[in-house]
Every structure is written in structure tokens, then in C-alpha cells.
Amino acid sequence: MKRIQYLLYVVAALTVGLDQLLKWIVRQTLPIGDAVMVIPGVVELTHLQNPGAAFSLFPNQTWLFVLIAAIVVVAVVFIHQRWRLDRLAQVGLGLLLGGALGNMLDRIISPTHTVTDYVYFYTIHFPVFNLADASIDFGVLFLLISSFRSGQERSDEGKGDRK
């Protein structure tokens, strides 16, 4: 399998760019607390400024979240340099990196050190989130799938040819 060396960084850059663009559009077009229905009864755009982590946990701990994001960045770069990763793992790490950087940028750049959240699904009653949050979640999911697949490949290698 040929390694695509920079796939992780391309995915991360696209994730950060799209995340920041969507957050900028929401901040420019929708006052804080206002909502616009996208699909009635299913999803709406709701402009919120989140001072905490997921589910608004640990509000106003900006330094802690920036530190955690910095650790994620260092860990992702280290993993990428140290191990040979399949495409799914690179995409997963790229999404994780892009999501961490997207929310970290909000905390650093925003005068209130908050993260812009804007997606709300009525059907699952999940807290309002943003693309960076979803990217982190999907990145972890892709990494888990990749690790299970590579673990299966290793166990298959030990079995030899059975016909």
C-alpha cells in the first residue's frame, strides 16, 4: 500500500478552513441566541457562544482547553511521524487535528474566548455543536475502525494459507 504522506495535513487544513468559514458566516448573519430552521422539525442553525467544552462542561477554562488542543496537535504530528498509517487513520487524525485547531482558534481569537456553536438536531436532542466538534468525533471513529481493521489484518497474517 502506497502511503499518501500529507493526506492527514490536507484533511486538517480543509477541516479548519471550512470550520472557520462556517463559524464566520454564523457570527456575521445570526445574532447570538437566534435560530433559523433549516429542515423543519429536524435541524436548525442556532448561534451560541460556548465558554466550555462539550455540553458546556468546565466553562471559562480557556487556558486548559488551549493546552489540551496543543497536546492533541503534538500527539497527532508525533504519531504521523512515528508510525505508518493507512488512509483511514490519516483521515481520522486529520479530522481530529482540524477539529482541535478549529476550536482552539475560536478560543484564542474570540474576545470572549468562546467557541461558536451552531448546529442543533431536534430529532436526537443533542446539544448545539459545530463542524470542529463533529470532526473530532468522526476522527476518533475513523481511528477506531482503522485500528480494528489493522488488528484483523495482523491476526489474518498469522493464520497462513488455508485452502
Side-chain angles (χ1 to χ4, degrees), residues 4-81 85-146:
I4 301 174
Q5 188 172 358
Y6 297 105
L7 179 60
L8 180 154
Y9 300 112
V10 170
V11 170
L14 290 172
T15 300
V16 171
L18 185 57
D19 173 66
Q20 290 298 303
L21 175 64
L22 291 171
K23 289 173 178 175
W24 180 83
I25 291 169
V26 167
R27 288 190 300 265
Q28 296 303 311
T29 61
L30 198 60
I32 296 173
D34 280 6
V36 174
M37 190 65 59
V38 178
I39 302 173
V42 179
V43 67
E44 74 178 14
L45 294 180
T46 301
H47 182 180
L48 297 179
Q49 293 297 310
N50 184 354
F55 310 107
S56 295
L57 295 173
F58 311 110
N60 304 313
Q61 298 298 317
T62 302
W63 64 270
L64 176 64
F65 298 128
V66 170
L67 177 64
I68 291 169
I71 290 168
V72 168
V73 170
V74 170
V76 167
V77 171
F78 175 78
I79 289 167
H80 184 251
Q81 296 300 318
L85 304 170
D86 65 15
R87 287 183 184 158
L88 188 60
Q90 286 195 51
V91 170
L93 282 173
L95 289 170
L96 184 62
L97 179 60
L101 288 172
N103 281 340
M104 184 173 79
L105 279 172
D106 273 17
R107 293 183 196 288
I108 292 171
I109 294 171
S110 165
T112 57
H113 304 292
T114 56
V115 172
T116 301
D117 288 332
Y118 51 85
V119 178
Y120 177 69
F121 283 101
Y122 283 98
T123 53
I124 57 175
H125 301 289
F126 197 76
V128 179
F129 63 97
N130 60 47
L131 179 65
D133 299 334
S135 297
I136 291 168
D137 294 340
F138 279 101
V140 170
L141 177 64
F142 290 173
L143 288 170
L144 287 171
I145 292 169
S146 173

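Residues take their numbers from the sequence shown, with the count starting at 1.
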Hey, could you give me the CD1/CG distance between Ile79 and Leu97, rounded to the nearest 0.5 Å? 11.0 Å
If you apply the rule side chain to side chain contact (heavy atoms under 4.5 Å, CB included), what do you find for Thr114 with Asn50, and how did you get there? CA-CA 5 Å; Thr114 56; Asn50 184 354; 5.7 Å; no
Residue pairs meeting salt bridge (Lys or Arg N to Asp or Glu O under 4.0 Å), one or both in residues 12-23, sequence neighbours left out, come to Asp19-Lys23, Lys23-Asp106
Using side-chain contact (heavy atoms from CB on, under 4.5 Å) as the criterion, list what pairs up with Leu88, not counting sequence neighbours. Asp86, Phe142, Ile145, Ser146, Arg149
Taking side chain to side chain donor-acceptor pair (under 3.5 Å) as the definition, give me every residue that meets it alongside Tyr118, ordered by chain and number, with sequence neighbours left out. none
Are Phe65 and His113 near enough that their ring centres are under 6.0 Å apart? no
Worked verdict on Gln90 versus Val11 for side chain to side chain contact (heavy atoms under 4.5 Å, CB included): CA-CA 8 Å; Gln90 286 195 51; Val11 170; over 6 Å; no
Interatomic distance, Tyr6 atom OH to His80 atom NE2 [nearest 0.5 angstrom]: 8.0 Å
Please report the C-alpha distance between Val91 and Leu7 in whole Å, then the side-chain angles of each, then the deciding distance to 0.1 Å, and finally whether the side chain to side chain contact (heavy atoms under 4.5 Å, CB included) criterion is met. CA-CA 7 Å; Val91 170; Leu7 179 60; 3.9 Å; yes
Residues forming a side chain to side chain donor-acceptor pair (under 3.5 Å) with His47, sequence neighbours excluded: Gln49
Closest approach of Ser135 to Thr15 (non-hydrogen atoms, all atoms of both residues): OG-CG2, 3.2 Å
Might you point out which heavy atoms bring Gln20 and Gly102 nearest each other, and give the distance in Å? NE2-O, 3.0 Å
Note, Val77 side chain near Tyr9 side chain (heavy atom, < 4.5 Å): yes
Report yes if some heavy atom in the side chain of Asp133 is under 4.5 Å from a heavy atom in the side chain of Asp117; otherwise report no. yes
For residues 24-32, please give each side-chain donor-acceptor pair under 3.5 Å, one per line with the distance, not counting sequence neighbours.
| from | atom 1 | to | atom 2 | distance (Å) |
| --- | --- | --- | --- | --- |
| Arg27 | NH1 | Thr116 | OG1 | 3.0 |
| Thr29 | OG1 | Ile25 | O | 2.7 |

Using 30° and 60° as the class limits, which term best fits the ring planes of Tyr120 and Tyr122: parallel, tilted or perpendicular? perpendicular
Kindly give the heavy-atom pair with the smallest separation between Ala69 and Met104, and that separation in Å. CB-SD, 3.5 Å
Ala35 meets the side-chain contact (heavy atoms from CB on, under 4.5 Å) criterion, sequence neighbours left out, with Glu44, Thr46
Among all residues two or more places apart in sequence or in another chain, which pass the side-chain contact (heavy atoms from CB on, under 4.5 Å) test with Val10? Leu14
Which residues share a ring pair (Phe, Tyr, Trp, His ring centres under 6.0 Å) with Phe138, sequence neighbours left out: none
Nearest non-hydrogen partners of Val72 and Ala100, listed with the distance: CG1-CB, 3.9 Å
Quick one: side-chain contact (heavy atoms from CB on, under 4.5 Å) partners of Val119, sequence neighbours excluded? Val43, Phe121, Phe129
If you define the side chain from C-beta out and look only at heavy atoms, does anything of Asn103 sit under 4.5 Å from Asn130? yes
Inter- and intrachain pairs under side-chain hydrogen bond (donor to acceptor under 3.5 Å, both in side chains), touching residues 32-41, at least two apart: none
